[in-house]
Amino acid sequence: MGDTNGQVVAGGNGRGNRLDQLNCPTDVLIDKETDSLIICDRWNRRVLRWSRRSGTTQGEILINNIGCWGLTMDDQRYLYISDVEKHEVRRYQIGDNNGTIVAGGHGKGVGLKQLNHPTYIFVDQQQTVYVSDHDNHRVMKWDKDAKEGIVVAGGQGYGNTLTQLSYPKGLFVDTLGTIYVADLWNHRVMRWPKGAKQGTVIVGGNGRGSGANQFNSLRGLSFDRHANLYVVDCDNHRVQRFSIG
């Protein structure tokens, strides 16, 4: 905190597919067990692990040849990755290249067994998987070992009413099951309480723009322990912080 300059911790050697390069990374997490970053290196179609120890100059490939977009890790250190090409989410043990399908996997579509371009994911302590089902304009919930998902936000087609989403991206779920979702083309962050039929706008929703209460194509979101919300405001080239309380 207080730094005005960032520090490169992975990549930084131009766009490319060498092990010291990245090409359009879309998601990252910290694996505390190995003190490393796990990175979705989207356009290289691979997931890398990159040690945080000083002197590290390149990553190692964990999973290759995957249409990855979002990733997360659960308490048992299983890795979950969304695949926008196969329209599925898989769970992996570190070192396993095949994984197990935990959401989707029945081709592109709008059915409850299907996903359409899944992007960001969230996994709770019960290994319930929440997925931003991007091109279906909805958030899906897949309980552990479920054969199909449940629509928990959106699902009423593309639009800007409180029952709709427009290409959802970043996703966070609190311990009460409340869903927070980055509603990309509505330029707003929405909150959907567990079981709710419609959401509420908590930040944004004031049209596309560069004002302090506006976004321009928002993507990822995250909370810290003090309930501050951080939002990746893509086309404004900034990260915004909001105190939600």
Side-chain angles (χ1 to χ4, degrees), residues 26-27 67 69-72 80-89 101-124 126 128-143 146-208 214-223 229-235 242 244:
T26 52
D27 210 352
W69 186 285
L71 48 78
T72 191
Y80 298 74
I81 304 172
S82 62
D83 189 325
V84 296
E85 297 169 12
K86 293 183 177 177
H87 311 287
E88 66 187 24
V89 178
I101 294 173
V102 292
H106 294 275
K108 178 171 73 173
V110 299
L112 294 178
K113 293 183 176 181
Q114 295 176 302
L115 299 168
N116 187 353
H117 198 88
T119 52
Y120 293 100
I121 49 182
F122 185 94
V123 177
D124 68 15
Q126 286 74 48
T128 303
V129 179
Y130 295 82
V131 189
S132 281
D133 192 9
H134 188 263
D135 287 8
N136 282 330
H137 315 293
R138 65 190 185 184
V139 176
M140 298 294 289
K141 172 184 175 182
W142 290 65
D143 292 317
K147 301 301 181 189
E148 64 181 30
I150 304 163
V151 179
V152 288
Q156 302 297 317
Y158 174 94
N160 62 5
T161 70
L162 293 179
T163 63
Q164 294 176 302
L165 296 169
S166 174
Y167 299 104
K169 289 282 194 186
L171 190 60
F172 182 87
V173 184
D174 69 17
T175 54
L176 299 175
T178 304
I179 297 161
Y180 298 82
V181 58
D183 192 7
L184 174 66
W185 288 124
N186 287 325
H187 312 289
R188 65 191 183 185
V189 176
M190 296 197 73
R191 175 167 54 204
W192 291 67
K194 187 175 183 178
K197 298 300 182 189
Q198 67 178 39
T200 56
V201 179
I202 57 169
V203 287
N206 298 300
R208 182 178 190 165
Q214 292 179 303
F215 298 108
N216 186 356
S217 178
L218 71 168
R219 303 296 168 100
L221 56 79
S222 183
F223 281 91
L229 170 65
Y230 298 79
V231 184
V232 177
D233 192 3
C234 182
D235 288 352
F242 300 89
I244 302 300

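The first residue of the sequence shown is numbered 1, and numbering continues consecutively from there.
Classified by interplanar angle (parallel below 30°, tilted 30° to 60°, perpendicular above 60°), the ring pair His134/Tyr167 is tilted. Classification of the His137-Tyr158 ring pair by plane angle, with boundaries at 30° and 60°, yields perpendicular.
When side chains are defined from C-beta on, Asp143 does not count as touching Gln126, because their heavy atoms never get closer than 4.5 Å. Taking 4.5 Å as the limit, some side-chain heavy atom of Tyr130 sits within range of a side-chain heavy atom of Asp124. Counting heavy atoms from C-beta on, the side chains of Leu184 and Pro168 never come closer than 4.5 Å. Contact of the Asp27 side chain with the Thr119 side chain is not registered, since no non-hydrogen atoms from C-beta on lie closer than 4.5 Å. Contact annotation: the side chain of Phe242 approaches that of Val231 to within less than 4.5 Å [non-hydrogen atoms, C-beta and beyond]. With a 4.5 Å cut-off on side-chain heavy atoms, Trp192 and Leu165 count as touching. Annotation: side chain of Val151 is in contact with side chain of Met140 (closest heavy-atom distance under 4.5 Å).
One distance of note links CG of Asp133 with CZ of Arg138; it measures 4.5 Å at 0.5 Å rounding. A distance of 12.5 Å separates NZ in Lys169 from CG in Leu221, rounded to the nearest 0.5 Å. The NZ atom of Lys108 sits 16.0 Å away from the NZ atom of Lys86 when rounded to the nearest 0.5 Å. In this structure, CD on Gln156 lies 7.0 Å from CD on Gln164, to the nearest 0.5 angstrom. The structure places NZ of Lys194 at 9.0 Å from CG of Leu176, a figure rounded to the nearest 0.5 Å. Separating the CZ atom in Arg191 from the CD1 atom in Ile202 is a distance of 5.0 Å, to the nearest 0.5 Å.
Applying the side chain to side chain contact (heavy atoms under 4.5 Å, CB included) rule to Phe223 yields the partners Phe172, Tyr180, Leu229, Ile244; only residues at least two apart in sequence or on another chain are considered.
The heavy-atom pair separating Pro118 from Val84 by the smallest distance is O-CG1, 3.0 Å. Considering all non-hydrogen atoms of both residues, Trp142 and Glu148 come closest at CZ3-CA, 3.5 Å. In this structure, Gly105 and Glu88 approach most closely via the heavy-atom pair N-CB, 3.5 Å. Minimum interatomic distance between Gln198 and Pro193 (heavy atoms only, all atoms of both residues): O-CD, 4.5 Å. Taking all atoms of both residues into account, the shortest heavy-atom contact from Cys234 to Ser217 is CB-O, 2.9 Å.
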Discussion item. The test is side-chain contact (heavy atoms from CB on, under 4.5 Å); show your working for Arg208 and Asp235 and say whether it passes.
Written reply: CA-CA 10 Å; Arg208 182 178 190 165; Asp235 288 352; 4.0 Å; yes
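Tested against Leu171, the residues Ile121, Val131, Ile179 include a single side chain to side chain contact (heavy atoms under 4.5 Å, CB included) partner, Ile179.
A side-chain donor-acceptor contact under 3.5 Å links Gln214 to the backbone of Asn206. For Ser82 (side chain) and Gly70 (main-chain N/O), a donor-acceptor pair under 3.5 Å exists by modelled atom type. Distance alone, capped at 3.5 Å, is enough to place a donor-acceptor pair between the Thr26 side chain and the Trp69 backbone. Asp233 places a side-chain N or O within donor-acceptor distance of the main-chain N or O of Asn216, the cut-off being under 3.5 Å. Under a 3.5 Å cut-off, the side chain of Asn186 and the backbone N or O of Gly159 do form a donor-acceptor pair.
Within the structure, salt bridge (Lys or Arg N to Asp or Glu O under 4.0 Å) pairs that include any residue of residues 180-189 comprise Asp183-Arg188 (at least two apart or interchain).
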